[in-house]
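One structure is given below, encoded as structure tokens.
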Amino acid sequence: MRAVCVIGLGLIGGSVLRAASAAGRPVWGTTTSEDDAAAARADGFDTVEVDEALRRAAAEDALVVVATPLTAVRGVLRKIAEHAPEAWLTDVVSVKDPVAAEVRSVLPGARYAGGHPMAGLSSSGWAAGSGELFSGAAWAVTLDEDTSLEAWREAAQLALDCGAQVVPTSAAAHDSAVARISHLPHVFAAVLAATGADGGPLALSLAAGSFRDGTRVAGSSPDLVRAMTEGNRSALLDAVDDALGRLGAARGSLASTGGLKSTVDAGYDARRYLDDLLTSDRTSTTVRLDATAAERLREIGEIGGRVVALTADTAEIEIPTAA
Ligand SMILES: O=C(O)C(=O)C[C@]1(C(=O)O)C=C[C@@H](O)C=C1
């Protein structure tokens, strides 16, 4: 089993390290946080300083996983270029196009496929992580024209070892999807929390389920939220525009007719669809891919003992999810 070297041992990196280790892979990690390093060591994990971690990655032909905030990625890639310029490489950063662009410019020899586990908590740091964080979660693994299939397979295998479900996507399609279902919710949560707080102590002392659910991620680390939302600026602007259009329509309708029917009905239908998706007894994931990506994935055939099946005409991919 290929060894795994994790750079950044916060909530996500720390959870990858634990899960990969539990899957039986040799693992070590490195972090600039003294607290996270000490906590990881106390839990029995091998942590070393970054140069040593990367020298070891080169010697053992390990998979290097970048698990730092987007703002630190360029510096980390430069370090990797110094010690392991042809590394097997993936990352768990929540935007994919900017990371892929950095890899192309700083580490052209790396065998890279981007990754993004769709799991998190509003708390951060090693102590908040767990080897089960990704269990059953979707994990995007990016496939673009210049992605090597071997690198894609390595990144997908890590996701499977962490108990996640692989969702293949291009970096650009990922970024616009995630702008809507992750970055926009973080902006909404911030706006909602601040708007509710403007209602004063009475409003907050009456706050119950809807306000708590809608504002939960407003309690996430502001630095991390800013790094992911600002890092996906263009796609997020489109999503914000779309949402503003809907809010404007809701306001217009409320002001003119007093009715919110179309707003509420559209939200209800969307949420019911999501619930069906989450609760259905799925034995496979179906993702629509463009024809080129589908054709390339067909070459992989199988990852982690699971067959990747493509339906011929529609360029959809079915990945059985049963472990
Ligand atoms: O559950 C949370 O607290 C999260 O914010 C997790 C969440 C999200 O759902 O938006 C946030 C960022 C990650 O990149 C992926 C998932």
- Could you pull out all residues at least two apart from W139 that satisfy ring-ring contact (aromatic ring centres under 6.0 Å, His included)? F134
- Task: Give a yes or no on whether R233 atom CZ has more than 12 heavy-atom contacts from other residues, nucleotides or ligands under 6.0 Å away.
- Result: no
Side chains of [X] and [Y], heavy atoms from C-beta outward: is any pair under 4.5 Å?
X	Y	result
V217	S182	no
T31	W126	no
H116	V92	no
V166	L160	yes
M118	V167	no
Y268	Y273	no

From [X] atom [atom1] to [Y] atom [atom2], the distance as rounded to the nearest 0.5 Å:
X	Y	atom1	atom2	answer
E60	C5	CD	SG	9.5 Å
S176	D238	OG	CG	8.0 Å
E230	H183	CD	NE2	11.5 Å

Kindly say whether [Y] contributes a backbone atom to a donor-acceptor pair with the side chain of [X] at under 3.5 angstrom?
X	Y	value
D161	A23	no
R25	V4	no
R2	D61	yes

- For V106, the hydrophobic cluster (side chain heavy atoms closer than 4.5 Å, chained through members) also holds I7, V50, L54, V64, V66, L70, V73, V76, L77, I80, L89, V93, V95, V99, V103, L107, Y112
Is the shortest side-chain N to carboxylate O distance from [X] to [Y] below 4.0 Å?
X	Y	value
R111	E154	no
R271	D276	no
K96	D144	no

- Message: Here's one to test your reading of the geometry: is the NZ or CZ of R153 within 45 degrees of the ring axis of W88 and under 6.0 Å from its centre?
- Response: no
- Task: Evaluate the side-chain hydrogen bond (donor to acceptor under 3.5 Å, both in side chains) criterion for residues T47 and R41: first the C-alpha distance (whole Å), next the side-chain angles of each, then the deciding distance (0.1 Å), finally the verdict.
- Result: CA-CA 6 Å; T47 70; R41 272 197 301 276; 2.7 Å; yes
- Note on the structure: So salt bridge (Lys or Arg N to Asp or Glu O under 4.0 Å) across residues 177-194, not counting sequence neighbours, yields R180-D242
